[in-house]
Amino acid sequence: MTPEEAVAGQERLRSFVRAETDPGFTVRHVAGLDVAYADDDRVVGAVVVLDAATLETVDTAVVAGVADFPYVPGLFAFRELPTLLAALDRLTVRPDLLVCDGQGLAHPRRFGLACHIGVLTDLPSVGVAKTPMGTFDLPSDERGAWTDLVDDGEVVGRALRTRTGVKPVFVSVGHRIDLDRACAEVLRLCEVRLPETTRRADALGRAHLR
């Protein structure tokens with residue numbers, strides 16, 4: 001697939017994104033997804049599933065591969081999706097929510113990794129990024145404070161303070177969840193700045209890469 005074909009694929013698939021939460025939606029198991037990179041094109045896709053109430057790890061899966069798509073801003077998902085989808089297929093516990101280390105609707109074409117993997121799996125998904133895609137005002141210092149993340153005049157997510165006095169993360173909808181619920185789920189996963197799902201998936205991928 002060329003970058004031009006990848007952009008066309010994003011444009012086609014983004015119409016399937018649903019930015020609302022299904023009635024009666026509950027989260028018993030939540031998965032963190034992350035990709036670790038070597039200095040060459042080797043990648044490791046890691047998925048860690050937690051019990052949403054206790055944050056106990058209940059399942060993990062790791063898949064190693066080689067990224068065969070170029071490094072193009074806005075198209076990172078095409079480097080990361082193959083190993084992440086393969087890792088999701090290896091899980092024995094089906095997650096109710098996917099938490100991606102990256103963007104959802106906060107993306108130039110409103111179709112970041114969290115949207116892409118949510119649509120392909122038809123699972124609720126949310127993107128939690130460490131850097132913003134858009135502009136924002138700093139939220140107040142207390143945990144749970146937030147401000148709108150805006151791109152091209154459109155609210156695409158939130159700058160969310162997950163710990164008092166610590167710089168915010170950037171939450172955006174992926175698929176089958178609304179922004180209020182996405183932020184609430186992210187907050188309950190955070191003991192430090194980043195969600196435990198992200199922290200554990202990152203550690204698992206890095207360990208496997210070593």
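Asp51 places a side-chain N or O within 3.5 Å of a backbone atom of Ala53 that can act as its donor or acceptor partner. At least one donor-acceptor pair under 3.5 Å links the side chain of Asp178 to the backbone N or O of Arg181.
Looking only at side-chain heavy atoms (C-beta outward), Pro124 and Asp96 stay at 4.5 Å or farther from each other. Residues Arg193 and Val169 are in side-chain contact: their nearest non-hydrogen atoms beyond the backbone lie under 4.5 Å apart. Counting heavy atoms from C-beta on, the side chains of Leu113 and Leu81 come closer than 4.5 Å. Side chains of Leu160 and Pro168 form no contact here, defined as non-hydrogen atoms less than 4.5 Å apart. You'll find the side chain of Thr147 stays beyond 4.5 Å of the side chain of Arg158, heavy atoms only. In this structure, the side chains of Thr164 and Val166 stay at 4.5 Å or more apart for every pair of heavy atoms. At a threshold of 4.5 Å between non-hydrogen side-chain atoms, the residues His29 and Val58 count as touching. Within the 4.5 Å cutoff, side-chain heavy atoms of Val44 are placed close to those of Val62.
One hydrophobic cluster, built from ILVMFWY side chains closer than 4.5 Å, holds both Val126 and Phe16. Under a hydrophobic clustering in which Ile, Leu, Val, Met, Phe, Trp and Tyr are joined whenever their side-chain heavy atoms come within less than 4.5 Å, directly or via other members, Val30 and Leu187 fall into the same cluster. Met133 is not connected to Val7 by any chain of hydrophobic side-chain contacts under 4.5 Å among Ile, Leu, Val, Met, Phe, Trp and Tyr, and they are in different clusters. Cluster membership for Ile117 and Val63, using ILVMFWY side-chain heavy atoms within less than 4.5 angstrom, is not shared. A continuous path of ILVMFWY side-chain contacts below 4.5 Å connects Val43 to Leu33, so both sit in one hydrophobic cluster.
Once rounded to the nearest 0.5 Å, the distance linking NE2 of His107 with CZ of Arg109 reads 5.0 Å.
Taking Asp137 as the reference, nothing meets the salt bridge (Lys or Arg N to Asp or Glu O under 4.0 Å) condition, with sequence neighbours excluded. Looking at residues two or more places apart in sequence or on another chain, you find no side chain to side chain donor-acceptor pair (under 3.5 Å) involving Glu191. Remark: Thr92 engages Asp59 in a side chain to side chain donor-acceptor pair (under 3.5 Å) (not counting sequence neighbours). In terms of the salt bridge (Lys or Arg N to Asp or Glu O under 4.0 Å) criterion, Asp68 has no residue partners (sequence neighbours excluded). In this structure, the salt bridge (Lys or Arg N to Asp or Glu O under 4.0 Å) partners of Asp122, at least two apart in sequence or on a different chain, are Arg176.
Aromatic pair His116/Phe78: ring centres closer than 6.0 Å.
The pair Arg79-Asp41 meets the salt-bridge criterion, with a side-chain N (NZ, NE, NH1 or NH2) lying under 4.0 Å from an Asp/Glu carboxylate O. Salt-bridge formation is detected for the pair Asp151/Arg110: a Lys NZ or Arg NE/NH1/NH2 atom is positioned less than 4.0 Å from an Asp or Glu carboxylate oxygen. Salt-bridge formation is detected for the pair Asp101/Lys130: a Lys NZ or Arg NE/NH1/NH2 atom is positioned less than 4.0 Å from an Asp or Glu carboxylate oxygen.
Sorted by first and then second residue, the pairs that involve residues 144-171 and meet ring-ring contact (aromatic ring centres under 6.0 Å, His included), not counting sequence neighbours, are Phe136-Phe170.
Annotation: Arg188, atom CZ; neighbour count of heavy atoms from other residues, nucleotides and ligands within 6.0 Å is above 12.
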What verdict does the side-chain contact (heavy atoms from CB on, under 4.5 Å) test give for Cys100 and Val128, after you've listed the backbone C-alpha separation in whole Å, the side-chain angles of each residue and the deciding distance to 0.1 Å? CA-CA 6 Å; Cys100 298; Val128 182; over 6 Å; no
